[in-house]
Amino acid sequence: MNCAMRVLCLAAAVWALQIPLTAASYALQDPPPTPDPLPVVEEPPQPEDADITVTEEVAEAAAETVEAEDPNAVDPNSPYLAIYGADIHTVTDGVIRRGVVLCKNDRILKVGTKVRIPKGARRIDAQGMQIYPGLVGVDSSGIVHGGGISIRDDFDPFALNVDLGLAGGLTLVQSGDGIAKLTRGTLDGVLAGQTGWVSLGYSSNSPSGRRKLREDLRIVRDHLRDLRGWENDKALGEKVAEAPAAKGINPQYLALLQGNAVARFNANSLKDLLAICDFLEEYPMQSIIFGGQEAWACAGRLGRVGAQMVITPRAKGWADQTLNAPSGWTIENAKILWEHGVPFSILPEQRWISTGGLAGRDMLTLPMEAAFAIRGGLPQEAALRAVTLDAAKILGLEDRVGSIEAGKDADLIICDGDLFHYRTFVQWSVVNGKVVYDKQTAPYFAHIRPRQANSLEEVLEEIERALDVEEVTDERIEESVAPAIDEPEASAGTQ
Amino acid sequence: MLASLLLLLLPPALPVAQEPIERDPTGRAVIYRFDTVETLDGAALQNVSVLVRDGVIERMGPAVVIPANAEIHDYRGTGKMAMPPFVLTHADFLIGDRRGNGGNGRFLAVDSMWLPENWSQDLLEEGVLLVGVDPPGSGLPGRSSVLLADGQVGVPNPLVADLHLKVMVPTGSSGKRLVRDGLKAADEAIEKEAKAKADWEKARADWEAAQKKKAEEAEAAKKADPAKKVGTNGDKAAAGENGEQKGDAKGKDQGEEEPPKEFVAPKLDPNIEPLVDWVRKERVAQIWLDSASDWLHWQDLLGERELPYELVLRHGSGQNFHEVVEQIAATGFRVDVIADISFLPYTRTRANLPAELVAAGVKQLVLSPTSENLSGVRSYRMAVALVVAEGLDRAIALRAMTLEPAASLGQEERITALAVGAPATFVVWSGDPLDPMSEALLVLSEGEVLYDRVKAEKEEQR
């Protein structure tokens with residue numbers, strides 16, 4: 001092909017592709033604002049700011065090696081990852097409009113609207129998108145295998161379910177007593193912790209089981225009382241015998257009453273929930289209740305005993321007309337729990353992940369379940385907390401994940417719209433500072449509303465792909481298609 | 001006349017590294033003449049005569065003088081060609097029994113075999129001369145063996161009974177724990193032996209020091225009282241009238257200071273023994289992997305250790321080795337892979353893993369049939385042809401069916417590229433071996449015809 005033909009071809013391709021050079025537009029959102037140029041090096045360095053100092057050092061080091069090169073050049077091995085141009089839903093500090101999240105290695109380094117991006121940093125141009133903390137899947141099944149520390153030995157970092165989890169926005173899942181990060185492609189850092197929950201059966205179906213549990217706990221409580229008395233005596237300098245022996249004491253129950261473990265209950269009916277409240281009043285301990293279909297009818301009591309809930313807003317159970325008490329499910333369950341200050345996380349109807357199964361009702365679409373709670377009156381921010389920070393709190397990892405704050409783990413998802421909207425897809429997932437999922441390149445959802453190129457580089461790449469030519473230089477593009485790029489209609493035409 | 005003929009027959013120059021082969025120059029010579037010979041060392045040769053005598057290729061080239069008494073097989077103009085035979089590294093369909101998951105290092109593959117009557121005929125028909133067999137079971141099931149397809153039946157008489165240690169590292173805690181515990185046990189055994197040796201050396205040194213001291217004392221005593229006889233004390237010297245008694249007395253004298261016996265290493269658990277050899281780098285292990293995830297778990301197990309190993313990639317449903325081809329290539333070890341076009345996971349995008357491995361820098365590639373049974377062997381050439389059609393270099397593919405697997409089985413001197421001085425071990429094909437219509441007509445092992453299709457078919461008709 002001669003040169004003129006190539007130029008013609010390129011022009012034709014650009015016309016045919018009609019690739020908008022403005023920000024990608026998504027039907028859900030307000031019309032995108034005119035994109036800013038890359039927010040690089042705006043702020044003067046502040047010597048008292050430790051982070052800035054670090055970035056400067058790196059920038060200097062980089063400058064020595066790649067002097068006079070493109071300041072926007074990207075080093076794929078850079079410890080920095082900058083995501084810019086998107087609205088950042090921090091969870092703890094509101095929404096930052098069109099800000100930058102700068103990650104270093106596996107942590108978030110800075111969040112804000114004016115953040116210096118170090119030279120060479122890996123970048124994601126997320127203009128017009130929404131950044132959320134990675135979602136936390138409590139009580140998942142089939143995404144990771146094994147339990148406890150064996151999760152590391154059982155983890156398949158290339159498994160379909162890991163990819164699907166990331167595509168669904170999950171970055172951390174609990175399965176059994178193990179908590180795993182979805183570190184695609186590596187085993188490093190997969191084990192995030194262990195729950196150490198103690199499952200307690202406290203169902204009305206087994207009155208003897210309840211009695212036995214209370215009896216066992218009474219022994220532990222008596223022992224603790226004796227122990228405290230003995231310690232007091234000892235502290236007062238009185239002559240004391242040997243410490244009371246912990247004979248016949250269930251160590252798990254001891255940990256529960258000492259506040260070193262968390263009790264896990266399953267209960268849906270008001271009757272069972274109230275019984276658990278009674279139990280927790282008698283034996284105060286940290287607790288998580290899974291189910292909670294009729295929790296709306298005793299939300300105040302659940303709040304007072306400090307229970308945490310894991311609910312499924314779309315789990316339906318009809319009211320029992322023979323009962324002289326509130327019963328059945330309500331779409332307002334989550335909202336009522338929220339109003340009574342009961343922290344909760346959300347679990348879909350099915351706990352595994354699949355491209356088949358019950359569509360929209362498994363871990364692949366966790367936000368849809370939360371969206372249903374929003375429909376029932378739960379504020380959107382509370383729904384976001386329920387699948388991020390509050391879920392992390394239930395797993396005891398709220399100091400590491402669940403919100404976008406400096407110092408926390410760099411586990412983020414970048415969505416092309418509101419997290420709770422049915423059209424929204426996760427475009428990128430970031431775990432431990434690494435981009436582990438990109439909708440455009442992963443084989444699952446790339447074909448559904450493909451992401452449109454929104455930078456010159458991406459436009460060039462797309463043309464190269466379309467024409468299967470070796471390289472398209474900037475000069476050639478400028479000379480051949482520059483007018484087309486400037487045409488506002490060219491970009492508007494595809495909206 | 002005869003002398004000049006003999007002179008002509010002498011090879012002009014033997015390859016430098018080749019040991020001079022002693023053979024009877026008057027022995028019976030056989031000449032094979034081909035349109036093409038795939039020597040597998042550079043380009044194929046055209047219009048070649050191969051003079052075989054005493055199991056060795058004595059001369060090879062377009063102009064070979066034919067000895068008067070030579071037997072001549074002229075295949076020119078028929079499309080027939082010669083090439084080294086195929087070697088299968090994992091002919092595990094020859095294994096008769098099954099074992100589960102375990103740390104059974106004591107087993108040899110050959111222990112689990114009973115050869116049926118036609119096994120070597122079946123293999124030779126497909127141009128396969130050598131096979132490796134693996135112990136059954138998973139985890140650490142034992143060590144592989146090597147067989148020559150020479151018609152033996154019943155209890156096999158292997159070429160090599162004890163070759164590689166087979167290690168399977170499936171993703172999952174139990175398999176990983178098995179290998180981890182095995183390596184730990186090997187480390188402990190080595191440590192125990194080192195400690196025993198150190199103790200023995202110390203005892204030996206102490207004894208030597210004591211002897212030296214005693215000798216010095218005796219020397220000093222002798223100097224002080226030259227009249228006294230050499231010896232430790234008068235009584236002993238007096239008792240030592242005859243030589244034998246003297247010797248005994250000497251031994252007794254050293255009674256408590258008897259020299260420590262020769263060092264004997266502590267007895268090893270036979271299940272651990274091959275692992276100890278491996279950790280000492282005296283044995284190669286074959287690491288069997290099912291998916292990219294297995295590779296990461298294997299790397300996790302290996303940690304900082306440096307152990308010699310080969311990889312056997314057998315992708316299951318995952319088919320995702322492409323995720324780690326660069327890492328695998330970076331090890332520089334031999335890779336055994338199925339000659340198969342797979343699909344990228346969850347897509348219909350075709351992937352040529354052998355070609356990807358070569359592109360990533362794998363130098364020693366072994367291609368195995370797509371299934372470990374006889375029909376896999378029968379479709380082997382077709383499978384490789386497909387992989388070659390979709391991008392794998394043909395020369396690399398042919399080596400990966402012959403010389404590389406032979407080297408993996410430690411038989412690189414038995415099956416070599418065809419050259420003057422090399423053993424006359426080759427297969428005569430009716431056409432291109434990668435053409436599924438071609439057939440193996442003759443299989444020669446060191447000049448001996450192990451399989452002749454015409455004869456075999458005649459016998460079958462009878």
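Within every chain, numbering begins at 1; the chains are lettered A, B, ... in the order of the sequence lines, protein sequences first and strands thereafter.
Residues of residues 296-306 of chain B that come within less than 4.5 angstrom of chain A, heavy atom to heavy atom, are Leu296(B), His297(B), Asp300(B) in numerical order.
Leu187(A) contributes atom CG, which lies 6.5 Å from atom OG of Ser293(B) (distance to the nearest 0.5 angstrom). To the nearest 0.5 Å, the span separating CZ on Phe158(A) from NE2 on His322(B) amounts to 8.5 Å. Separating the CG atom in Asn320(B) from the CG atom in Asp156(A) is a distance of 6.5 Å, to the nearest 0.5 Å.
Lys176(B) is not listed as a side-chain neighbour of Asp154(A), based on a closest heavy-atom distance of 4.5 Å or more.
A search for side chain to side chain contact (heavy atoms under 4.5 Å, CB included) contacts involving Asp340(B) returns His315(B), Ile338(B), Thr370(B), not counting sequence neighbours. Take Leu434(B) and apply the side chain to side chain contact (heavy atoms under 4.5 Å, CB included) test, not counting sequence neighbours, and it matches Val384(B), Ala385(B), Val388(B), Arg394(B), Leu398(B), Met401(B), Asp432(B). For the side-chain hydrogen bond (donor to acceptor under 3.5 Å, both in side chains) test, no residue two or more places apart in sequence or in another chain qualifies with Thr331(B).
The neighbour count for Lys439(A) NZ, taken as heavy atoms of other residues, nucleotides or ligands under 6.0 Å away, is above 12. More than 12 non-hydrogen atoms from other residues, nucleotides or ligands lie less than 6.0 angstrom from CD of Glu282(B).
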